[in-house]
Amino acid sequence: MRRWLVSSPMPELPEVEATRRHLEPAVVGRAIAAVEVRRPRMVRYQPDPGSMSHRMVGRRIEAMGRHGKFLMAELEGDLTWVSHLGMSGRFELGVEGADEAPHTNVVVRLDDGIEVRLVDPRTFGFVAVFTPDELAESTLSRLGPDALDSLPPVTSLRTALTGRSAPIKALLLDQRLIAGIGNIYADEMLWRAEISPLRPGGSLLADEVAALRRAVRPVLTAGLRSGGTSLGDLAYLLPDGRAGEHMSRLEAYGRNGEVCRRCGTTMVRNVIRQRSSHWCPGCQK
DNA sequence: ACCTCCCTGGCC
DNA sequence: GGCCAGGGAGGT
């Protein structure tokens, strides 16, 4: 199981997007035949948790979307099946009756016998099915623009950061500002933009905001290339123990005590808002 | 705007 | 045996 932690990153935006691409062809157009909730805790923010299965069974899945780190399947009848992978969740596709991974907590069986399985040891992830009203009151409606698909222009970002005294690292993680940036990739973006995670958001100069903005897409797409690859064949990757590539490509996250690949300074780690930050005091100002 | 909690497996 | 990882909700 150590292989999972080493070779495959947390389910941040690139991994969630890879999941969406993996699931989409299997689920869109199919009807839901059965839902099995083995860990009730995984069903959350649902007016009546027991009703989730009832809301799902018999409905066709019309589309598969993503906003930030949330996955959304549009169900016929104006319902939205929302899921979040938390920090240890993943979706697996399997044939009914075939081997399943430990911690398979929710199983959604489609009308062709394919199962969509939510595997999540730490159960920080969740699923729910919302009506339009419930969706409008949920966290999803308060998410900022998606970091990958609709990153705001520099001027909007500057406005959003004006007067903010919180460290830029904390603001990057605030899903209401930009949706989809998690702890690993926030550190990568700040390294790339050569900005210290401790800098108050409002202190960033115009060209620094621009540099940070320019760092967002490359970092996420790099993660999508390698993380997506690992995710796609994860079922084979785990038993074989083949190492994924993504961790070795990170420039900041987990590199405290190691030498910065840009300037040679020893990198450091400190805790910002209860989250670990990894950065280079030599070139990140 | 901040802190605490949730949860499990890996690791010391 | 105890600590650590962390996204997001809830409380103050």
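Excluded from the calculations below are hydrogen atoms, water molecules and symmetry mates; all remaining heavy atoms, backbone and side chain alike, are included. In what follows, chains are A, B, ... by sequence order, proteins preceding strands, each numbered from 1.
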Legend entry - Selected nucleotide, minimal atom distance to A/Arg273 side chain, candidates B/dC3, C/dA5, B/dC6: B/dC3
Legend entry - Of the listed nucleotides B/dT8, C/dG7, B/dC2, the one nearest the side chain of A/Ala166: B/dC2
Legend entry - B/dG9 OP1/OP2 closer than 4.0 Å to side-chain N/O of A/His103: yes
Inset, instruction - Could you tell me whether A/Gln175 contacts a base, only the sugar-phosphate backbone, or nothing, with contacts defined as non-hydrogen atoms closer than 4.0 Å? - result: sugar-phosphate
Inset, instruction - Give a yes/no on whether any side-chain N or O of A/His84 is located under 4.0 angstrom from OP1 or OP2 of C/dG8. - result: yes
Inset, instruction - Classify the nucleic acid contact of A/Arg164 as base, sugar-phosphate or nothing, counting any heavy atom under 4.0 Å across all strands shown. - result: sugar-phosphate
Inset, instruction - Just call it for A/Arg44: base, sugar-phosphate, or nothing, with non-hydrogen atoms closer than 4.0 Å on any strand. - result: nothing
Legend entry - Among B/dT8, B/dC2, C/dA9, the nucleotide that comes nearest once only the side chain of A/Thr139 is considered: C/dA9
Legend entry - Nearest-Å distance for atom pair CZ/C1', residues A/Arg39 and B/dC6: 11 Å
Legend entry - Closest contact, heavy atoms only, A/Glu15 versus A/Pro11: CB-CA, 3.7 Å
Inset, instruction - For A/Arg176, report the nucleic acid contact type (base, sugar-phosphate, nothing); a contact means any heavy atom under 4.0 Å. - result: nothing
Inset, instruction - State which of B/dC6, C/dA9, C/dA5 makes the closest approach to the side chain of A/Arg41. - result: B/dC6
Inset, instruction - Take the protein atom CD of A/Gln274 and the nucleotide atom P of B/dT4, then report the distance between them rounded to whole Å. - result: 6 Å
Legend entry - Sugar-phosphate, base or nothing in reach of A/Phe126, heavy atoms under 4.0 Å: nothing
Inset, instruction - Calculate the interatomic distance between A/Tyr45 atom OH and C/dG8 atom C1'; express it in whole Å. - result: 6 Å
Legend entry - Atom-pair distance (CZ on A/Arg122; P on B/dC6), nearest Å: 16 Å
Inset, instruction - Calculate the interatomic distance between A/Leu173 atom CG and C/dA9 atom C1'; express it in whole Å. - result: 16 Å
Legend entry - Polar side chain donor-acceptor pair, A/Asp187 to A/His278, under 3.5 angstrom: yes
Inset, instruction - Would you classify A/Ser165 as touching base, sugar-phosphate or nothing, given that sugar-phosphate means primed atoms plus P, OP1 and OP2, and contacts are heavy atoms under 4.0 Å? - result: nothing
Legend entry - A/Gly163 vs A/Pro121, nearer the 5' end of DNA chain B by closest nucleotide: A/Gly163
Inset, instruction - Nearest whole angstrom, please: distance from the C1' of B/dT8 to the CG of A/Asp120. - result: 10 Å
Inset, instruction - Inspect the surroundings of CG in A/Asp207 and state if more than 12 heavy atoms from other residues, nucleotides or ligands are less than 6.0 Å away. - result: yes
Legend entry - Exceeds 12 heavy-atom contacts within 6.0 angstrom, atom CZ of A/Arg41: yes
Inset, instruction - With the side chain of A/Tyr253 defined as its heavy atoms from C-beta on, choose the nearest nucleotide among B/dC7, C/dG7, C/dA5. - result: C/dA5
Inset, instruction - Please answer whether the main-chain N or O of A/Leu143 pairs with a side-chain N or O of A/Gln175 as donor and acceptor at a distance below 3.5 Å. - result: no
Legend entry - Gap between atoms CE and P, on A/Met42 and C/dG7 respectively (whole Å): 16 Å
Inset, instruction - Answer yes or no: is there a donor N or O on one side and an acceptor on the other, between the side chain of A/Glu92 and the main chain of A/Val116, under 3.5 Å? - result: no
Legend entry - Whole-Å distance separating the CG atom of A/Leu140 from the C1' atom of C/dA9: 14 Å
